[in-house]
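Here is the structure we will look at, set down as structure tokens.
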Amino acid sequence: MSRDHPPEPLDFFIWTVEDVGYWLEEINLGSYRLIFKENGVNGEYLESMSVFTTEQILHFIRRHHMKWGDFITLCKELRRIKVACLKGEQRVRRPWWAPSCLSVVFVKAAKRNGQSRVVSLKLES
């Protein structure tokens, strides 16, 4: 994937493995980028971590050779993104995957629905 900007926080649940790698760099956990990639950690997997049991957390830490402090940083950063999404703190704009000609449509739909981002759009006539 060759994008000129880091992945969008509001889209974290649809991040690719590469997006997760960019994000790890951004939060100073880039040393885990390769091991996360090798284990296929994507946004959907990150989202599922919120319901991990203690056993699953320990397995994750062992499998990714993480330090406890780094795991805590990872969890804090995930929480920060989720809270920002719920509060609507990101500026409204079209998703990176949508054609630029639809920018106005996405922004209007988001504002009309009181959201920071529209992740899908169904056009009705």
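Just so it is clear, the structure is predicted and the values come from calculations on it, not from any experiment.
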Using only atom types and a distance under 3.5 Å, with no angle test, would you say the side chain of Q56 pairs donor to acceptor with the backbone of T53? yes

CA sep, side-chain torsions, deciding dist, call: M49, L74, side-chain contact (heavy atoms from CB on, under 4.5 Å): CA-CA 10 Å; M49 288 176 61; L74 179 78; 3.7 Å; yes

Is there a continuous path of hydrophobic side-chain contacts, each under 4.5 Å between heavy atoms, that joins [X] to [Y]?
{"X": "F52", "Y": "I35", "value": "yes"}
{"X": "I57", "Y": "L46", "value": "yes"}
{"X": "L58", "Y": "I72", "value": "no"}

Between Y45 and N42, what is the shortest heavy-atom contact and its length? N-OD1, 2.9 Å

Shortest non-hydrogen pair, R33 vs E18, comes out as NH2-O, 4.1 Å

H64 pairs by ring pair (Phe, Tyr, Trp, His ring centres under 6.0 Å) with which of F36, F71, Y32? F36

Does the side chain of [Y] come within less than 4.5 Å of [X]'s, by heavy atoms?
{"X": "W23", "Y": "L29", "value": "no"}
{"X": "N39", "Y": "V17", "value": "no"}
{"X": "E44", "Y": "W15", "value": "no"}

Using 0.5 Å steps for rounding, measure from the [atom1] atom of [X] to the [atom2] atom of [Y].
{"X": "I27", "Y": "I81", "atom1": "CD1", "atom2": "CD1", "answer": "7.5 Å"}
{"X": "C75", "Y": "R80", "atom1": "SG", "atom2": "CZ", "answer": "13.5 Å"}
{"X": "T73", "Y": "K67", "atom1": "OG1", "atom2": "NZ", "answer": "11.0 Å"}
{"X": "D70", "Y": "S31", "atom1": "CG", "atom2": "OG", "answer": "6.0 Å"}
{"X": "L24", "Y": "K37", "atom1": "CG", "atom2": "NZ", "answer": "12.5 Å"}

For R79, does the CZ atom sit with more than 12 other heavy atoms under 6.0 Å from it, leaving out its own atoms? no

Check whether more than 12 heavy atoms from other residues, nucleotides or ligands sit under 6.0 Å from atom CD of E38, and answer yes or no. yes

Please check if any side-chain donor atom of T16 sits under 3.5 Å from a side-chain acceptor atom of D19, or the reverse. yes

